[in-house]
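Inspection log for the structure reproduced underneath, given as structure tokens.
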Amino acid sequence: MDVLSIPFVFLHLVCIRELLASGADGGELFIWKLHPSETNQSWKVHKSLSFHRKDVLDLQWSPDDAYLISGSVDNSCIIWDVNKGSVHQILDAHCHYVQGVAWDPLAKYVASLSSDRTCRIYANKPQTKSKGVEKMNYVCQHVIMKADQQRGDETKTIKTHLFHDETLPSFFRRLSWSPDGSFLLIPAGSFKVSPTSEAVNATYVFSRKDLSRPALQLPGASKPVVVVRFCPVAFKLRGSSSEEGFFKLPYRLVFAIATLNSVYIYDTECVAPIAVLAGLHYAAITDITWSPNASYLALSSQDGYCTLVEFEDKELGEAVSISVGKKPVDGEEKKHDLEKGDELMTETTPDESKKQAELEQNEESKQPLPSKITTDGKEKEHIMQKTDDEVMTETRHEEENQPLQSKVNTPVSNKPARKRITPMAIDP
């Protein structure tokens with residue numbers, strides 16, 4: 001693994017084929033088109049999209065490249081029709097900055113994360129026009145906000161927020177779907193093991209079969225998590241013990257979690273991160289992204305530099321193809337022993353509970369098992385703790401947890417880089 005830092009003024013850009021979208025501080029979105037020539041190539045403005053009143057903080061293309069979704073400081077998300085160059089739909093339910101947006105690769109959901117401490121999941125409920133043509137229409141299905149925790153043997157519970165508030169020292173909370181649509185990773189988590197304990201920075205993993213509540217929490221980072229990105233390439237299983245990891249998938253998915261000062265790289269076959277990078281920048285990390293062939297991981301920072309992490313051939317594994325757009329591949333979390341803990345429940349606002357109940361009637365029901373990964377700073381390894389956390393939503397009344405044992409002790413990769421900056425393992 002090689003690391004190279006390059007001076008660069010970062011702008012949030014999303015490129016798809018010969019088009020590139022960028023968001024500006026003034027609220028504008030620009031669609032750029034590639035104009036190649038015999039000697040060089042250049043990008044020229046193709047379209048300008050204006051409606052946001054303030055800074056654009058995040059944006060993403062739809063799976064069919066026909067739409068864009070953007071999040072802004074004006075507290076709204078906008079879905080844009082790129083071909084028409086107009087607003088298709090406005091999602092304005094957030095009460096503070098929208099700092100992250102993500103489009104489901106299967107085109108059924110969009111998700112937004114705001115500094116109002118909520119994550120909203122919208123489901124596509126097409127509207128039929130007079131000519132029988134369906135119009136894409138996203139309706140809020142879940143509002144993920146708080147967790148209910150019991151005080152020991154007491155019957156009373158107290159509600160604690162699942163996400164950091166607006167004092168988080170970052171303008172970004174970039175969430176990400178897995179390339180097969182099975183999982184949604186959400187950053188900026190602030191999880192309490194007990195009502196009296198200190199909050200732990202966390203990343204939440206949501207299963208597609210139940211997007212109303214987190215299936216897993218990945219705690220341990222010393223700084224808040226601001227960006228999560230799935231690698232676009234799937235890899236063959238490495239044949240590790242069946243007791244390791246949390247997901248029963250026929251392939252391995254790799255994802256990166258960026259805090260303000262470090263990057264953790266995980267895969268779905270192991271509990272511990274497969275690599276930890278730190279000390280790469282003098283200021284906070286603002287974004288990360290994978291190259292289409294998974295050979296590079298790029299980081300941007302407020303210090304004006306970008307870092308390119310290069311992976312050797314098959315260092316992450318042997319690539320395999322996965323089918324997206326047909327039947328979603330829903331990962332099933334492995335069952336394991338859990339230590340007695342707290343009861344989590346996502347809070348849904350009353351005016352949306354009816355819509356949520358109607359939407360969930362036609363969906364498959366699955367009860368993903370919550371789990372926790374704790375990090376021992378001295379030993380520098382992640383250890384699976386036993387827990388009996390029970391997660392449920394207000395619209396669901398029966399939950400079943402089926403624990404089995406799981407024991408993992410996987411070392412973190414610490415291969416030195418050959419460039420001027422050397423990644424180092426850190427104690428979370």
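- At distances below 3.5 Å, not a single donor-acceptor pair connects side-chain atoms of Arg120 with backbone N or O atoms of Ser114.
- For the pair Asp287 and Arg229, the salt-bridge criterion is met [side-chain N within less than 4.0 Å of a carboxylate O].
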For the pair Tyr305 and Leu280, evaluate side-chain contact (heavy atoms from CB on, under 4.5 Å) and give the outcome as yes or no after the intermediate values.
CA-CA 10 Å; Tyr305 280 79; Leu280 300 178; over 6 Å; no
I would like to know whether Leu316 and Ile274 meet side-chain contact (heavy atoms from CB on, under 4.5 Å); could you show each step before the answer?
CA-CA 9 Å; Leu316 294 176; Ile274 58 178; 4.3 Å; yes
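- A donor-acceptor pair under 3.5 Å links the side-chain atoms of Glu269 to the main chain of Arg238, judged by distance alone.
- Within the 3.5 Å criterion, the main-chain N or O of Leu168 finds no donor-acceptor partner in the side chain of Arg173.
- Within 6.0 Å of CZ in Phe163 there are more than 12 heavy atoms belonging to other residues, nucleotides or ligands.
- Distance alone, capped at 3.5 Å, places no donor-acceptor pair between the Asp55 side chain and the Leu57 backbone.
- Pro105 and Asp180 get closest at one heavy-atom pair: CG-C, 4.3 Å.
- Between the side chain of Ser72 and the backbone N or O of Lys54 there is at least one donor-acceptor pair closer than 3.5 Å.
- There is a side-chain donor-acceptor pair under 3.5 Å between Thr307 and His281.
- The local environment of NZ in Lys47 is crowded, with over 12 non-hydrogen atoms from other residues, nucleotides or ligands closer than 6.0 Å.
- Counting heavy atoms from C-beta on, the side chains of Val110 and Leu91 come closer than 4.5 Å.
- When the options Trp290, Tyr266, Phe255, Phe183 are evaluated for a ring-ring contact (aromatic ring centres under 6.0 Å, His included) with Phe230, the one that passes is Phe255.
- The closest donor-acceptor contact from the side chain of Gln60 to the backbone of Trp103 lies under 3.5 Å.
- Residues Gln127 and Glu134 fail the side-chain proximity criterion, which asks for heavy atoms closer than 4.5 Å.
- Between Leu218 and Tyr264, the closest side-chain pair of non-hydrogen atoms is not below 4.5 Å.
- You'll find the side chain of Leu260 reaches within 4.5 Å of the side chain of Ser170, heavy atoms only.
- Between Leu297 and Ile265 the shortest side-chain heavy-atom distance falls below 4.5 Å.
- Of the possible donor and acceptor atoms, none in the side chain of Ser262 sits under 3.5 Å from a partner among the backbone N and O of Leu277.
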Can you check side-chain contact (heavy atoms from CB on, under 4.5 Å) on Ile288 and Arg174, steps first, answer last?
CA-CA 9 Å; Ile288 57 176; Arg174 307 189 195 278; over 6 Å; no
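- When side chains are defined from C-beta on, Val263 does not count as touching Ile257, because their heavy atoms never get closer than 4.5 Å.
- For the pair His94 and Leu113, the tightest heavy-atom approach, listed with the atom from each and the gap, is NE2-N, 4.5 Å.
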CA sep, side-chain torsions, deciding dist, call: Trp61, Leu19, side-chain contact (heavy atoms from CB on, under 4.5 Å)
CA-CA 10 Å; Trp61 289 89; Leu19 295 179; 4.1 Å; yes
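- Using a 30° and 60° split on the angle between ring planes, Tyr67 and His88 fall in the perpendicular class, above 60°.
- Between Val98 and Ser112, the closest heavy-atom pair is CG1-CB, 4.2 Å.
- The OG1 atom of Thr160 sits 6.5 Å away from atom CG of Leu162, with the distance rounded to the nearest 0.5 Å.
- The backbone N or O of Val143 lies less than 3.5 Å from no partner atom in the side chain of Thr118, so there is not a single donor-acceptor pair.
- Contact between Leu59 and Ser22 at its shortest, heavy atoms only, is CD2-C, 3.8 Å.
- With hydrogens and angles ignored, the 3.5 Å screen pairs a side-chain donor or acceptor of Ser301 with a backbone N or O of Ala283.
- When every heavy atom of Leu68 is checked against every heavy atom of Ile31, the shortest pair comes out as CD1-CD1, 3.5 Å.
- Side-chain contact between Pro126 and Asn124 is present, with heavy atoms from C-beta onward closer than 4.5 Å.
- Counting heavy atoms from C-beta outward, Pro187 and Leu175 have side chains that approach closer than 4.5 Å.
- Relative orientation of the Phe206 and Tyr204 rings is perpendicular, given thresholds of 30° and 60° on the angle between their planes.
- Within the model, atoms CD1 of Ile186 and CD1 of Ile144 stand 4.5 Å from one another, a figure rounded to the nearest 0.5 Å.
- Here the straight-line distance linking atom CG of Leu211 with atom NE2 of His142 works out to 5.5 Å at 0.5 Å rounding.
- The nearest pair of heavy atoms linking Thr259 to Ala221 is CG2-CB, 3.6 Å.
- In the displayed structure, Phe171 atom CZ is contacted under 6.0 Å by at most 12 heavy atoms of other residues, nucleotides or ligands.
- The main-chain N or O of Val225 is never found under 3.5 Å from a side-chain atom of Asn201 such that the two would form a donor-acceptor pair.
- Tyr251 contributes atom OH, which lies 4.5 Å from atom CD1 of Ile322 (distance to the nearest 0.5 angstrom).
- Interatomic distance, CD of Glu28 versus NE2 of His52, reported as 10.5 Å (0.5 Å rounding).
- Expressed to the nearest 0.5 Å, how far CZ of Phe172 lies from OG1 of Thr286 amounts to 5.5 Å.
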